[in-house]
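Following: one structure in structure tokens, then a few remarks.
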Amino acid sequence: MEISMRRSMEEVTKEAQEKGSDPLAWALEMYSNLNSSGKSVPSSELAEFLVSYICWDNNVPIIWKFLEKALILNIVPPMLLLALLSVRVIPCRHAQPAAYRLYLELVKKHTFELKSQISRPDYQKDMKSIDAVLHLSKIFGMSQSEPGIVVVEFIFSIVWQLLDASLDDEGLLEFTQEKKSRWAMLYQEMELDGRNNYTEQIENLRSINTLIAVEMIGKFLQDKVSSRILCLARRNLPAHWLSFVQRLQLLSTNSLALRKSKTLSPEALLHLTSDACMVLSKECKTHSQQKFRKVMAFEYLSSSASLCHGASHSALWIPLDLVLEDTMDGYQVSATSAVEEISGLIKTLRAINGTSWYDTFLGLWFASLRLVQRERDPIEGPMPHLETRLCMLLCIIPLVVANFIEEDEEEEQTTIDEKDGDPTDQWKEKRFPGKCRNDLVSSLQVLGDYQSLLTPPQSVIAAANQAAAKAMLFISGIAIGSAYYDCLTMAEMPVDCSGNMRHLIVEACISRNLLDTSAYLWPGYANGHINQIPQCMPAQVPGWSSFLKGAALTSGMVNALVSSPATSLAELEKIFEIAIAGSEDEKISAATILCGASLIRGWNIQEHTVHFILRLLSPPVPIENMEGNNYLINYAPILNVLFVGISSIDCIQVFSLHGLVPQLACSLMPICEVFGSCMPNISWKLTSGEEISAHAVFSNVFILLLKLWKFNCPPLEHGIGDTPSVGSQLTPEYLLLVRNSQLMSAGNIRKDRNRRRLSEIASLSSPNSVFVDSFPKLKVWYRQHQACIASTLSGLVHGTPFHQIVEGLLNMMFRKINRGNQPTITTGSSSSSGLGNEDASIGPKLPAWDILEAIPFVVDAALTACSHGRLSPRELATGLKDLADFLPASLATIISYFSAEVTRGVWKPAFMNGTDWPSPAANLQNVEEQIKKILAETGVDVPSLASGDSSPATLPLPLAAFTSLTITYKVDRSSERFLHLAGQTLEGLAAGCPWPCMPIVASLWTQKAKRWSDFLIFSASRTVFLHNSDAVVQLVKRCFTATLGMSSSPISSSGGVGALLGHGFKSNLCGGICPVAPGILYLRAYRSVRDIVFLTEEIVSILMQSVREIVCGVLPKQRLKKLKLTKDGIKYGQVSVAASMTRVKLAAALGASLVWISGGLTLVQLLINETLPSWFISVQRSDQEEKSNGMVAMLGGYGLAYFAVLCGAFAWGVDSSSSASKRRPKVLGTHMEFLASALDGKISLGCDPATWRAYVSGFVSLMVGCIPNWVLEVDVNVLKRLSNGLRQLNEEELALALLGVGGVGTMGAAAELIIDTEM
């Protein structure tokens, strides 16, 4: 301040003080002087002068009256004046109680009138001055100093200073952690020794001041404007708010002044800082917001758990049911743990739908039990069966629950630790540790009421009964060892102890410490008591208990342990120790046991079983290891047992569900490298007399490895348009990348039990990162495989050693038909004829890698000879089978070659007439009729499937040859692992060829394996969707109509998940497959769709059509009659808003699930960045919308908002724990920019304004209310523009809520909005 100006102010004030002038006269003179000096008012200089003048040489009533008049006439800025007074008056309040009282009155009068103060021209300047006076940016650690942010800090500081002053007045400040005021550094003057100047009048004034200050704190927390500003401080300054609340609790617990208050109680003061009170949006001002909050609530009833039930009841968990069923597709393995995927999905559904842990767990059990029940009467075929579904229910889901409970209890402990500074310990009393775990208990107790879901499948009845018997014996007080269960049968129990699936679930939870044995005491859990132990077989029967006590691994013991799962980790650990350090025979036995029932049915310890198997697949490197990985040769017998033991479809799916496919691939690659380089004369003789060769070991491991990625995809699946197939990322490089990332992330995953486990497994198997370049032989083969797909074969030079290998293999394959030197099969410029030595009968003595390299040329030469008539089809098939028998791994390269050649379309067709090639005529017509029947019963009409074509059945020559080769395999357990690999390729190739190639192949295979007929026909039916995009659209529509209960079909009329997924696959008693629910058909068919991109537009269109049908009452009459009777005021032909919205949300959840499952991240990004903006810009209103008085438009907008947010949440997650979440800021930011630009008027929209308004308010409301951390990732300027746009739509509350969760960047704007609207 200029010295002359201060001197002028002082002179005027002194003169007025001495004369006792009227404050108004003084104020007018001061105003005139300021104007003549060119100073604007309100004047910060005058405020500074008045405070310094009063404190403390002129602390007299008249000067305080001058100050008050200056405030009334608006010639000093109130907030700045109060800031200046606070640092001078509060520290001197004991010596100057009257001044403190006047300060409190000024705070009461002027702090709650902020609107006029932020609209002044000098607002920004005043806020900078306040920041400088109170050092707010420094104290609160804020890098930004926007005016609105300073307002929040100012209000917070005033309340906090009053709080510290009150604590000090009552002698409580020393009980705080800092033992001093948070603002002590600001106070410019030492407190005068006023405590010793005791008079009754002064002491009474001090007491009254303390009471007024305490009540003032309550007023700040109660006032509509200031409480919301403090809420902003709570959200954006959490550490400071925590300290503030701890001090407030200390005051409320111990303050004598507070107990004297007639307007505020200690309990009320604490309640004002609770979650219930500290909210930005206390009420809905707009009609649309009230409506939105009402209609966005699900009509969720926990009682709806049956396999087939109504639409609204299953709405919450339809995405979960779909994802669980999708994981059962044996055509796909996943590089990601099902625990991680399901955990992320559950977090999303909880966040979006606001469900409690109790309802979440109940929904999780219902969905997984439905998954198992859909496999009660399965069709036969090479597909995952009940074992995989039970793995999901009894192992994966408990691990998901364990994750949630661990996270919840860690957060609880962290919260308690943060509150430890509170001397009253009130936080610990108010928290409820174990809420998540308690809700798990409650959900499992209620689960017993749903017997239809708990009926165990036939194969697990014994296990369920044993679990029930265990509980019964426990509550009867009969202590027995596990040996008893090895020989106990239900017939020996004196009472009925039949068990169900709940008993198995409880045992799975107990084994993972999620429950304790008190669960056995739940009402109705055990069927009764028994008084004595039933007599059973001697205790030393072969079993896990006797093995753990030291019994030897005899053949009987091995058989017993293979056929029954281990019951504890200790039993598994002992087996693992034997597999590591036992004799050779014991190692083989131990490996066999680990791959037995403990892997498939050991649900309580399955995660440990797969871990031990992986460790055996990566044996330790000996100290004396000389070169490379050759030490692995010594482990050949045990490794081969493991390869064969885990090669079944269900076993591979178990590894996939546990997220161990990347690590399994990493373990198999070095083994492939070593054994593929061995000469075939290396062999190992087992004690059983069986002899295994290096070729056999290599073939088993190589075929197993190839099942772990999309090796056998037709070339079309490697990328169509701009969007690659979801599964096409599964390459060796990708799997190793995932595995290496698990290894490298060990230090960053302390809070995720599943990721910790995967990281531990990766580090124990190999502590270093692994790359494909580490395996040169495998890399050469893989590059040749890719080259074979990309182009025709070339480079075979006559006379070279490589050419001789090709010749030798051809001679071995066709030695029976070669005669003398007559050329039979040519390879380039030469011909292959019979060799006159013995080598032709036994094949070349070469490492497997060398043979695999030659096989494409061998098969090409054979197929060429067949096409030119020099080789009959039967001879071709026999020769190819001989080659596959010589080196089973050669099947992989044969598959690679045929996959490429079928899609080239350069070969002549083969006539499947029964003479040259096998004929499908015997049942082709029946297969085609069955395919059409399956589609028709699902509601899909494809006219092009009409039969009656009399033309002969033909297949492309490579497909005919490949089909003939597969038919030569026996359908038995030993051939299963090879048929599984070949069968998937065969189906994919046949599906890609013109119709009716697929029915022809299915017909040939149904003749071969009659018991697989239903599976083969269903597989053929789903390939229809590869050829007909209209059929895909029909199927998606059927999914919607079935789910919404709008279908006339008996299996779909009830709606919900039961109508969508039905009973799974089931055979009719009279033959043929039962009608398949549309959801099942879609989940098994969408991978056959070439261009999945078009689905986004179709699903949006179908969703909007569903909304029209819901609102306009396109429902079956019997359903309308039921609606008339409901309490929602529903009239005939129309539905209430709430009931309609529940169904709209169900449709939106279904649509979002289909988009996410079908195309993953890429399709979701396409939807949000392109499809939805284009739809809003181009769509015009329909007649139906106009006739519905805007209901269709409004609900359509809300439905699209729910659909879009769900799609994004499925793809990115609701938090930042997944790698996919890194893509969220860019895509979400682009969409929010579109919303803001449209609201700004920069983009013209073609949709109904009501639809647009509902979409914007719905989308923003879901983000703000359910996933506020997304808002933090959006550009601050975009958020401010969007908030302004919402205000133009009369959505002030929502605009404020958006800014309120936008972080520090929008805190200032939020504060200014609160003050401006006085909300």
Side-chain angles (χ1 to χ4, degrees), residues 328-331 374-386 388 458 648-650 912 914 917-938 940 942 945-947 953 955 959-960 962-991 993 995-1026 1062-1077 1080-1081 1083-1085 1088:
M328 297 298 108
D329 188 350
Y331 288 75
R374 283 193 288 271
E375 188 71 10
R376 290 194 64 83
D377 302 299
I379 59 176
E380 288 194 61
M383 54 188 268
H385 284 295
L386 184 62
T388 306
Q458 186 65 36
S648 71
I649 298 173
D650 283 299
M912 315 303 289
W917 298 93
S919 171
N923 60 345
L924 176 58
Q925 184 176 357
N926 179 59
V927 167
E928 289 180 327
E929 290 175 354
Q930 288 293 325
I931 292 173
K932 191 171 183 180
K933 181 180 178 183
I934 289 173
L935 297 176
E937 289 177 336
T938 311
V940 178
V942 186
L945 294 185
S947 56
L955 293 177
L959 180 58
F962 187 38
T963 304
S964 299
L965 170 62
T966 60
I967 291 175
T968 62
Y969 279 87
K970 293 182 179 179
V971 183
D972 57 19
R973 186 174 180 82
S974 62
S975 299
E976 177 186 323
R977 56 186 180 276
F978 303 110
L979 281 176
H980 180 218
L981 187 69
Q984 289 189 11
T985 307
L986 180 62
E987 180 182 332
L989 293 176
C993 293
W995 194 268
C997 289
M998 188 66 228
I1000 292 172
V1001 172
S1003 300
L1004 293 171
W1005 255 100
T1006 54
Q1007 296 174 34
K1008 168 75 176 182
K1010 290 184 173 57
R1011 58 192 177 93
W1012 287 1
S1013 295
D1014 290 341
F1015 167 80
L1016 294 167
I1017 292 171
F1018 176 77
S1019 297
S1021 69
R1022 64 185 182 176
T1023 62
V1024 169
F1025 302 98
L1026 178 63
H1063 49 63
F1065 302 105
K1066 188 176 182 181
S1067 297
N1068 277 319
L1069 295 176
C1070 57
I1073 191 170
C1074 288
V1076 180
I1080 292 290
L1081 185 55
L1083 291 176
R1084 298 298 176 261
S1088 299

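Everything quoted here is computed from the prediction, not taken from an experiment.
Taking all atoms of both residues into account, the shortest heavy-atom contact from Glu380 to Phe1015 is O-CB, 3.1 Å. Scanning all heavy atoms of the two residues, the minimum distance from Leu979 to Lys970 falls at CD1-O, 3.6 Å. When every heavy atom of Pro920 is checked against every heavy atom of Gln1007, the shortest pair comes out as CA-NE2, 3.5 Å. Phe1025 and Ala1085 make their closest contact through CD1-CB, 3.5 Å (heavy atoms, listed as atom of the first residue, atom of the second, distance). Between Glu375 and His385, the closest heavy-atom pair is OE2-ND1, 3.0 Å.
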Next on the checklist: Could you go through Ile1000 and Thr963, starting from their C-alpha distance and side-chain angles, then the distance that decides it, and tell me whether this counts as side-chain contact (heavy atoms from CB on, under 4.5 Å)?
Outcome noted: CA-CA 10 Å; Ile1000 292 172; Thr963 304; over 6 Å; no
Item to check | Residues Thr966, Trp1005; criterion side-chain hydrogen bond (donor to acceptor under 3.5 Å, both in side chains); working and verdict | outcome: CA-CA 9 Å; Thr966 60; Trp1005 255 100; 3.1 Å; yes
Next on the checklist: Could you walk me through whether Ser648 and Asp650 satisfy the side-chain hydrogen bond (donor to acceptor under 3.5 Å, both in side chains) test, starting with their C-alpha distance in whole Å, then the side-chain angles of each, then the deciding distance to 0.1 Å, before giving a yes or no?
Outcome noted: CA-CA 6 Å; Ser648 71; Asp650 283 299; 5.6 Å; no
Item to check | Residue pair Glu987, Arg1022: steps toward the salt bridge (Lys or Arg N to Asp or Glu O under 4.0 Å) verdict | outcome: CA-CA 10 Å; Glu987 180 182 332; Arg1022 64 185 182 176; 3.0 Å; yes
Checklist entry - Going through the checks in order, is the side-chain contact (heavy atoms from CB on, under 4.5 Å) test met by Leu1083 and Asp329? => result CA-CA 8 Å; Leu1083 291 176; Asp329 188 350; over 6 Å; no
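The distance from atom CG of Leu924 to atom OG of Ser919, rounded to the nearest 0.5 Å, is 8.5 Å. One finds the CG atom of Leu386 at 10.5 Å from the CE atom of Met328 (value rounded to the nearest 0.5 Å). Rounding to the nearest 0.5 Å places CZ of Arg1084 at 7.0 Å from CZ of Phe1018. Expressed to the nearest 0.5 Å, how far OG1 of Thr1023 lies from CD1 of Ile931 amounts to 6.5 Å. Rounding to the nearest 0.5 angstrom, the gap separating the CE atom in Met912 from the SG atom in Cys997 is 9.5 Å. Atom CD1 of Ile1017 and atom CG of Asn926 lie 6.0 Å apart (nearest 0.5 Å).
At a threshold of 4.5 Å between non-hydrogen side-chain atoms, the residues Pro1075 and Thr938 do not count as touching. Between Val1024 and Val940, the closest side-chain pair of non-hydrogen atoms is not below 4.5 Å. Using a 4.5 Å heavy-atom threshold, the side chains of Val971 and Arg1011 count as touching. For the pair Leu955/Trp917, no side-chain contact is recorded, criterion being any heavy-atom separation below 4.5 Å from C-beta on.
Residues satisfying the side chain to side chain donor-acceptor pair (under 3.5 Å) test with Thr1006, not counting sequence neighbours, are Asn923. For Arg977, the side chain to side chain donor-acceptor pair (under 3.5 Å) partners two or more places apart in sequence, or in a different chain, are Asn700. Applying the side-chain contact (heavy atoms from CB on, under 4.5 Å) rule to Leu1026 yields the partners Ala991, Ser1088, Arg1090; only residues at least two apart in sequence or on another chain are considered.
Without hydrogens or angle criteria, Lys932 side chain to Ser1021 main chain gives no donor-acceptor distance under 3.5 Å. Distance alone, capped at 3.5 Å, is enough to place a donor-acceptor pair between the Ser1003 side chain and the Pro999 backbone.
The closest side-chain donor-acceptor pair between His980 and Glu976, if any, does not fall under 3.5 angstrom.
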